[in-house]
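Worksheet for the structure shown next.
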4 protein chains.
Amino acid sequence: MIVILRQGVTEPKIEEISQWLESLGQVNVSVVRGSQTTILGLVGDTSVIDQDSVESNEWVETVTRVQEPYKNANRKFHPDDTIVEIGGHKIGGEHFQVIAGPCSVESSEQIMTVAQSVKSSGAHLLRGGAFKPRTSPYSFQGMRAEGIELLLEARKATGLPIVTEIMSLAHLDLFNDVDVIQIGARNMQNFEMLKELGHCQKPILLKRGLANTIEELLMSAEYIMAGGNNNVILCERGIRTFEKYTRNTLDLSAVPVLKRLSHLPVVIDPSHATGFSYLVTPLAKAAVAVGADGLLIEVHNDPAKALCDGAQSLNCTEFEELMQDLKRRIAFENRVM
Amino acid sequence: MIVILRQGVTEPKIEEISQWLESLGQVNVSVVRGSQTTILGLVGDTSVIDQDSVESNEWVETVTRVQEPYKNANRKFHPDDTIVEIGGHKIGGEHFQVIAGPCSVESSEQIMTVAQSVKSSGAHLLRGGAFKPRTSPYSFQGMRAEGIELLLEARKATGLPIVTEIMSLAHLDLFNDVDVIQIGARNMQNFEMLKELGHCQKPILLKRGLANTIEELLMSAEYIMAGGNNNVILCERGIRTFEKYTRNTLDLSAVPVLKRLSHLPVVIDPSHATGFSYLVTPLAKAAVAVGADGLLIEVHNDPAKALCDGAQSLNCTEFEELMQDLKRRIAFENRVM
Amino acid sequence: MIVILRQGVTEPKIEEISQWLESLGQVNVSVVRGSQTTILGLVGDTSVIDQDSVESNEWVETVTRVQEPYKNANRKFHPDDTIVEIGGHKIGGEHFQVIAGPCSVESSEQIMTVAQSVKSSGAHLLRGGAFKPRTSPYSFQGMRAEGIELLLEARKATGLPIVTEIMSLAHLDLFNDVDVIQIGARNMQNFEMLKELGHCQKPILLKRGLANTIEELLMSAEYIMAGGNNNVILCERGIRTFEKYTRNTLDLSAVPVLKRLSHLPVVIDPSHATGFSYLVTPLAKAAVAVGADGLLIEVHNDPAKALCDGAQSLNCTEFEELMQDLKRRIAFENRVM
Amino acid sequence: MIVILRQGVTEPKIEEISQWLESLGQVNVSVVRGSQTTILGLVGDTSVIDQDSVESNEWVETVTRVQEPYKNANRKFHPDDTIVEIGGHKIGGEHFQVIAGPCSVESSEQIMTVAQSVKSSGAHLLRGGAFKPRTSPYSFQGMRAEGIELLLEARKATGLPIVTEIMSLAHLDLFNDVDVIQIGARNMQNFEMLKELGHCQKPILLKRGLANTIEELLMSAEYIMAGGNNNVILCERGIRTFEKYTRNTLDLSAVPVLKRLSHLPVVIDPSHATGFSYLVTPLAKAAVAVGADGLLIEVHNDPAKALCDGAQSLNCTEFEELMQDLKRRIAFENRVM
């Protein structure tokens with residue numbers, strides 16, 4: 001941690017601040033004196049020092065962290081790729097997975113049809129929303145508990161492990177048999193939820209918030225991991241920018257950045273990121289090339305009749321074609337699926 | 001609602017789509033035919049029609065809403081300003097309120113000192129965080145239940161109603177005696193929480209999310225109001241942009257926009273918006289001038305020792321000076337406090 | 001064009017506005033009357049109608065364009081891909097090109113070394129900055145006229161056509177022998193420059209501005225094409241967002257969006273987009289997969305000594321390895337280089 | 001300047017890098033050694049050290065500037081407010097000015113009418129666009145040279161000094177008699193133009209670009225001032241964000257930030273920032289309260305017939321009312337106009 005002091009700070013004040021900083025954690029402070037600037041260099045374990053607190057000292061101009069503020073999620077301390085296993089399927093390292101299914105579970109027939117179709121196309125995991133976060137209270141809110149029942153039935157019929165979003169800890173019991181619990185973009189900083197899910201061992205699919213930095217995504221993963229659950233899968237699903245032709249802006253650079261900073265698997269959701277089905281295929285291809293560990297793709301048996309997000313869903317035929325193409329690409333990258 | 005059809009759509013298809021749209025709600029569809037474009041104009045109650053669903057029709061190019069998607073929060077249907085009453089103090093209409101206090105409750109002595117100080121300076125409501133949303137799991141997380149106890153004691157001692165943030169519905173019982181429940185920026189789209197808080201009659205201070213549009217803020221208010229609770233106070237606290245000299249970018253234009261679109265009171269939080277105490281005073285002045293109904297200001301008896309957000313807190317003397325100045329401004333604007 | 005009128009508009013006023021709109025262009029106006037809303041549908045050539053002017057009518061609530069505001073750049077009117085030819089090398093359609101070289105020309109030896117190296121690695125075009133847009137007036141500003149001389153010598157020695165940026169029309173004569181004139185991100189809306197370059201037939205590499213939408217990029221291309229120059233190559237080089245780990249956020253979705261809207265070739269600049277050399281290779285791979293027509297890559301013989309943007313430059317060995325990899329990928333995509 | 005070295009750097013390498021850094025400028029390097037991190041603190045004049053160049057060293061992890069990279073615009077070296085004088089009217093310090101007029105000069109009658117009206121309402125400077133930057137090549141491009149003639153005639157008739165935008169250095173001769181040359185948002189980083197305008201002594205109104213940081217705005221001012229022209233007036237006119245209800249997001253926090261960092265006057269353009277006339281008045285009031293030195297306001301005699309930006313123009317009556325109100329506010333703030 002680097003602390004820059006304001007112009008005019010006196011020697012006794014520098015001494016006092018240095019002692020205060022050393023008292024905050026197990027750190028040593030070195031002073032670099034310039035003609036206009038005094039720099040304090042803190043070395044040691046600065047993770048327990050609150051940056052806000054230091055910045056609010058009247059003689060402190062700026063504070064810069066040198067070490068990343070996350071530990072469990074940090075590749076520096078865990079050089080090997082984490083591989084998360086879900087119902088016999090692995091994700092991370094050389095393992096690539098496609099998670100496919102409808103935005104919302106709408107009926108037994110619908111989820112069964114889509115599940116069987118995506119399975120025959122080669123997807124290994126089934127996604128489907130039972131609890132749906134919708135901007136409007138007047139939009140379809142999901143089938144809720146019944147939706148989870150239908151997903152479990154679809155798993156029974158197809159063998160595909162299921163991934164579905166939790167919106168409130170009050171529903172946690174309903175997720176007992178779910179294979180992967182998804183934390184949606186709007187809940188990425190629902191810290192009470194993150195803490196609670198850190199106490200189970202179920203794999204967590206953690207989506208990046210619309211306006212959250214890569215560092216904040218890793219800090220949210222850190223919340224889960226600090227509780228003891230290391231089965232975290234990160235998901236980039238587009239960030240909010242000024243561009244209007246796409247629903248969000250997919251930040252594919254986040255994949256190699258996350259791979260460098262962290263050992264956790266990273267998947268891409270091109271459906272929510274772009275909002276239009278014609279963009280899903282080219283960005284799924286790019287996601288494979290950029291080094292992602294998996295894809296989350298919306299597939300619906302009849303997108304025009306979908307109760308939610310139909311505009312961004314592939315139909316079953318389009319998904320089948322995409323999977324044929326992706327299989328060649330995954331082999332090209334020396335990955336296995 | 002306006003639906004633009006793709007080039008090449010046939011007459012029978014236009015007919016079919018029109019009938020489908022009429023079947024979705026109580027609307028009439030008029031067709032405008034151009035040489036290259038066909039436009040469908042829907043009139044009637046389109047609020048129940050899901051825009052996504054229409055957009056996913058293969059012949060639909062774009063869909064534009066004409067009516068705002070919110071009703072209870074809409075000034076068109078409720079022309080008069082809503083005035084929320086909190087422990088005898090009114091906010092909205094001609095009534096302006098300053099809500100002041102520390103970012104976090106840290107001890108009995110601290111909250112009591114600050115509460116008495118802000119009261120004597122003229123604030124009518126006390127804020128203080130018991131449950132704190134922190135980016136890092138290793139930062140101070142608030143005094144939690146004990147913090148709420150201390151706030152209630154400070155209310156008893158000073159008579160100031162209290163405003164504090166809820167982070168999980170699991171803690172709802174602890175908020176029984178709280179005067180105003182705050183929903184933080186990170187929970188603005190925690191829809192399960194919004195729904196639940198719609199079932200009480202307690203005033204809700206709803207903060208705009210870092211990357212949420214004004215329309216989304218109103219839709220979140222609509223979630224609460226749809227449940228029957230009309231005591232919603234909107235709060236602008238800065239949005240996330242590329243600018244680095246401020247923590248966020250305070251969007252003061254949101255005040256006159258919200259005032260035109262909605263009847264709900266609007267308050268400004270210049271402390272979180274800017275992140276630096278030297279910016280709080282000028283932006284508080286601007287908030288009064290732009291037509292806000294109140295301010296949310298962080299005050300700490302010793303900012304340099306604050307456990308959270310000290311850099312943006314005023315000390316008690318600075319707050320006293322600000323209040324002296326604000327009183328003149330509020331009178332200038334013909335508002336009462 | 002769709003014009004929504006305000007609530008309360010009278011029949012004679014609707015009539016008057018309709019006649020006024022019909023007088024502005026060769027359009028017909030149809031009126032759709034709802035209980036609360038009146039919609040005017042304009043069909044015909046609305047490109048000459050100024051949207052601002054219509055929006056400022058006191059009875060107009062909103063105006064929505066249906067047709068894209070660009071014609072020459074629009075795929076609807078030119079379905080086939082434009083292929084731009086530069087010194088015998090084609091870009092667009094099935095043709096993929098890699099444009100490589102240093103950020104700045106620094107000396108005869110430097111540009112000659114890099115030019116020969118990138119040629120032997122398989123690049124067909126040489127880039128290099130002679131006039132450099134730098135945020136600080138105290139940073140290296142490029143070798144200017146001398147830099148262009150050195151680029152021309154490097155072309156003579158290697159046969160590689162050259163691409164270099166123009167910063168002022170006052171320098172236009174110096175670009176007579178340059179093969180491709182680059183318009184940098186900061187000049188994307190330097191409309192006087194765009195107009196002037198529309199009067200030559202030289203290929204123009206037009207970079208998207210940091211905060212410009214895809215539609216604005218196409219409108220800037222339209223400025224050039226309206227003057228008669230159809231040799232426009234579009235370049236996505238990252239947009240400005242809140243993310244801090246990358247210099248900008250590369251918007252790869254822009255490639256399939258631009259391909260759908262326009263017939264012009266699209267290249268990607270992963271060096272400026274990301275700002276770090278370790279990100280160039282994965283994003284170059286992704287650019288090929290997403291369907292770009294080419295890449296613009298910074299290569300320096302000694303990045304640590306580069307006078308500009310060394311942190312994002314590949315060295316010659318790294319570039320050679322990247323090209324070996326890209327050749328396989330371009331073949332995989334059935335493109336030719 | 002603080003340089004953080006990568007983990008694993010050896011002592012001889014630290015020595016070598018330190019000597020290299022000392023050779024780049026007149027600086028001394030101090031080394032702070034931690035168990036995992038090595039920090040180099042550079043003190044002295046680091047303004048000539050290119051940050052990019054240091055960052056591209058393979059052993060350098062990050063570089064942080066301590067000193068601001070601007071000197072002439074920096075309040076640290078020029079503590080007193082700069083006051084710019086224009087035709088006898090002062091701006092800066094205690095002096096507040098309102099610059100008013102139409103977006104575009106459209107005819108002799110129009111500019112004369114508006115000029116006389118804004119003068120009688122109390123504005124001291126007349127604005128009007130002769131050269132207009134328009135997104136579309138098919139929109140009205142301004143009256144150009146003739147527009148400047150008409151502005152000069154309006155000045156002759158009213159005595160109001162004129163402010164108008166330059167779009168190309170090729171037109172510079174036409175601006176000989178103009179009182180204030182405006183550099184538009186799209187040209188804020190047209191560095192060749194900035195340099196050239198640094199060689200005259202005419203006041204320059206420099207608008208912040210849509211996606212430019214406050215620091216970049218000051219660096220562009222520095223380009224002008226480095227040439228010897230200190231008559232720079234900064235203008236905040238809204239930045240581009242995700243919000244859709246306003247054309248841009250007015251960043252009023254920029255005023256106190258700029259006032260702290262720099263001695264230059266700062267004006268606000270609420271017309272372009274918001275895009276809607278109903279927002280101009282509340283944000284003009286807020287601009288006075290936040291400490292701006294002036295306002296730039298669009299006024300048109302008949303906004304609905306304006307050839308450009310009518311939706312955001314006040315009519316003459318609205319402007320008269322605004323000025324009556326502003327006079328009281330300026331007096332309240334102890335400023336003079």
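All chains are named by letter (A, B, ...) in the order of the sequence lines, taking the proteins before the strands, and each is independently numbered beginning at 1.
A salt bridge is absent between C:K244 and A:E216; no separation between the charged side-chain nitrogens and carboxylate oxygens falls under 4.0 Å.
Interface with chain C: from residues 329-337 of chain A, residues A:R329, A:F332, A:E333 qualify, criterion being any non-hydrogen pair under 4.5 Å.
In plain terms, the two heavy atoms of A:R208 and C:F242 that are nearest each other are NH2-CE1, 4.2 Å.
Highest contact tally toward chain A, considering only C:V257, C:T281, C:D251, C:T241, is held by C:V257 [criterion: heavy-atom pairs under 4.5 Å]. Of the residues considered (A:R260, A:E215, A:R240), A:R260 shows the highest number of contacts with chain C, using heavy-atom pairs under 4.5 Å. Comparing A:S253, A:G291, A:A287 by how many heavy-atom pairs each has under 4.5 Å with chain C, the most go to A:S253. Interface remark: of the candidates A:T246, A:L250, A:T274, A:I239, A:I239 forms the most heavy-atom pairs closer than 4.5 Å to chain C.
In this structure, chain A has no heavy atom under 4.5 Å from any part of C:A273. Interface remark: A:I214 contributes backbone and side-chain atoms alike to the contact with chain C (heavy atom separation under 4.5 Å). With a 4.5 angstrom heavy-atom cutoff, A:T213 touches chain C via backbone and side-chain atoms both. When heavy atoms are compared at a cutoff of 4.5 Å, A:A254 does not approach chain C at all. For chain C, the nearby parts of A:R328 are the backbone and the side chain; heavy atoms of each come within less than 4.5 Å. Within the 4.5 angstrom heavy-atom criterion, atoms from both the backbone and the side chain of C:L252 approach chain A.
When side chains are defined from C-beta on, A:Y245 counts as touching C:L261, because their heavy atoms get closer than 4.5 Å.
Here the straight-line distance linking atom OG1 of A:T249 with atom CD of C:E243 works out to 13.0 Å at 0.5 Å rounding.
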